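Shown next, in structure tokens, is the structure this report addresses.
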Amino acid sequence: MAEGPARGDPEGGTVQAPPLLFRPYRLPGGRYEAVFASGRSVACGAMVLRWAPNGLDRTCLGVVSAKRTLRLAVERSRARRLMREAFRLERPRLRVGFDLVLVARRRLVGESCQEARRDLLWLCRKAGLLAKGGR
């Protein structure tokens, strides 16, 4: 295999894809339990949103795709990617200071990214998590 610059890299170094969700916005493993214990949740056909205040200057996201609901690994992975991407695109419209956990439902697998975004906004509006002016 020929050594050479990575595709799209003008300086000849290695190119790494940016992470789907930057580290400051990822929900640490120990905080999932607190979010589930808060008892606050709202659901739609494609996903369930659970939330709890975190006292930080940002909103963090955790995603869950259960094997019981989505049998195939590719379905679970797609569901997680859709939820993370919807959050990444809609994060500026959300209030800060909350931990969010999105739980995938079966219907999410067949949705597009646009539909996942719409569902996330609907859930956040219903939960009162949209920032002022976030429609």
Side-chain angles (χ1 to χ4, degrees):
M1 187 163 164
E3 291 283 332
R7 202 163 173 228
D9 185 14
E11 305 197 359
T14 305
V15 177
Q16 286 186 329
L20 291 175
L21 194 60
F22 292 109
R23 190 163 302 282
Y25 300 106
R26 290 184 190 161
L27 186 65
R31 297 211 314 245
Y32 277 83
E33 198 171 299
V35 174
F36 279 93
S38 76
R40 297 178 183 175
S41 69
V42 64
C44 70
M47 58 183 108
V48 177
L49 171 67
R50 293 178 167 272
W51 74 95
N54 65 11
L56 301 175
D57 62 345
R58 64 188 173 275
T59 294
C60 297
L61 175 74
V63 294
V64 176
S65 57
K67 196 173 195 178
R68 181 177 174 181
T69 307
L70 304 170
R71 299 303 257 169
L72 300 176
V74 294
E75 293 175 341
R76 293 190 300 276
S77 296
R78 176 171 165 71
R80 286 192 299 267
R81 280 195 309 271
L82 280 172
M83 292 185 291
R84 285 186 192 121
E85 182 66 5
F87 174 78
R88 186 185 71 82
L89 294 170
E90 300 301 338
R91 186 174 45 84
R93 298 173 72 178
L94 302 178
R95 290 174 50 195
V96 296
F98 290 92
D99 287 337
L100 308 178
V101 174
L102 289 172
V103 182
R105 286 185 162 178
R106 183 84 194 130
R107 197 177 95 192
L108 183 62
V109 174
E111 286 194 349
S112 67
C113 185
Q114 197 66 20
E115 292 168 327
R117 287 175 69 184
R118 185 192 65 229
D119 288 344
L120 176 63
L121 281 176
W122 185 86
L123 290 169
C124 290
R125 187 175 298 118
K126 187 135 173 128
L129 297 175
L130 287 183
K132 292 189 184 210
R135 286 197 245 157

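None of the values given here were measured: they were computed from a predicted structure.
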Original post:
By side chain to side chain donor-acceptor pair (under 3.5 Å), which residues pair with Asn54, not counting sequence neighbours?
Top reply: Asp99
Closest non-hydrogen atom pair, [X] against [Y]:
{"X": "Ser41", "Y": "Val48", "result": "CB-CG1, 4.4 Å"}
{"X": "Ala79", "Y": "Leu70", "result": "CB-CD1, 3.8 Å"}
{"X": "Ala127", "Y": "Val42", "result": "CB-CG1, 4.2 Å"}

Original post:
Under 4.0 Å between a Lys/Arg side-chain N and an Asp/Glu carboxylate O for Glu85 and Arg88?
Top reply: yes
**OP:** Determine whether Leu129 and Trp122 fall in the same hydrophobic cluster, where Ile, Leu, Val, Met, Phe, Trp and Tyr are linked whenever their side-chain heavy atoms lie under 4.5 Å apart.
**Re:** yes
**OP:** State yes or no: do Val35 and Val96 share one hydrophobic cluster built from I, L, V, M, F, W and Y residues joined by side-chain heavy-atom distances below 4.5 Å, directly or via other members?
**Re:** no
Subject >> By side chain to side chain contact (heavy atoms under 4.5 Å, CB included) - contacts of Glu33 (at least two apart) >> reply: none
Subject >> CA sep, side-chain torsions, deciding dist, call: Arg95, Leu130, side chain to side chain contact (heavy atoms under 4.5 Å, CB included) >> reply: CA-CA 5 Å; Arg95 290 174 50 195; Leu130 287 183; 5.8 Å; no
Subject >> side chain to side chain contact (heavy atoms under 4.5 Å, CB included) assessment of Arg117 paired with Glu90 >> reply: CA-CA 7 Å; Arg117 287 175 69 184; Glu90 300 301 338; 2.7 Å; yes
[X] side, atom [atom1]; [Y] side, atom [atom2] - distance, nearest 0.5 Å:
{"X": "Leu120", "Y": "Leu89", "atom1": "CG", "atom2": "CG", "value": "10.0 Å"}
{"X": "Leu100", "Y": "Leu102", "atom1": "CG", "atom2": "CG", "value": "6.5 Å"}
{"X": "Cys124", "Y": "Arg93", "atom1": "SG", "atom2": "CZ", "value": "10.0 Å"}
{"X": "Arg118", "Y": "Cys113", "atom1": "CZ", "atom2": "SG", "value": "11.5 Å"}
{"X": "Lys126", "Y": "Leu49", "atom1": "NZ", "atom2": "CG", "value": "12.0 Å"}
{"X": "Leu121", "Y": "Cys44", "atom1": "CG", "atom2": "SG", "value": "11.0 Å"}

**OP:** Show the numbers, then the answer: is there a side chain to side chain donor-acceptor pair (under 3.5 Å) between Arg58 and Tyr25?
**Re:** CA-CA 7 Å; Arg58 64 188 173 275; Tyr25 300 106; over 6 Å; no
**OP:** Sort out for me which residue in Arg105, Arg107, Met83 forms a side chain to side chain contact (heavy atoms under 4.5 Å, CB included) with Asp119.
**Re:** Arg107
**OP:** Test Ser65 against Arg80 for side chain to side chain donor-acceptor pair (under 3.5 Å), laying out the working first.
**Re:** CA-CA 7 Å; Ser65 57; Arg80 286 192 299 267; 2.8 Å; yes
Would you say that [X] contacts [Y] through its side chain, given a criterion of any heavy-atom pair below 4.5 Å between the two side chains?
{"X": "Phe87", "Y": "Leu94", "answer": "yes"}
{"X": "Tyr32", "Y": "Val64", "answer": "yes"}
{"X": "Arg31", "Y": "Cys60", "answer": "yes"}

Subject >> Listed once per pair and sorted, the salt bridge (Lys or Arg N to Asp or Glu O under 4.0 Å) pairs that draw on residues 40-55, sequence neighbours left out >> reply: none
**OP:** List the steps, then state whether side chain to side chain contact (heavy atoms under 4.5 Å, CB included) holds for Leu61 with Val101.
**Re:** CA-CA 6 Å; Leu61 175 74; Val101 174; over 6 Å; no
**OP:** Any chance you could lay out the side chain to side chain contact (heavy atoms under 4.5 Å, CB included) test for Ser38 and Trp51, step after step, and finish with the verdict?
**Re:** CA-CA 7 Å; Ser38 76; Trp51 74 95; over 6 Å; no
Original post:
Within the side chain of Arg76, is there an N or O that forms a donor-acceptor pair under 3.5 Å with the backbone of Arg71?
Top reply: yes
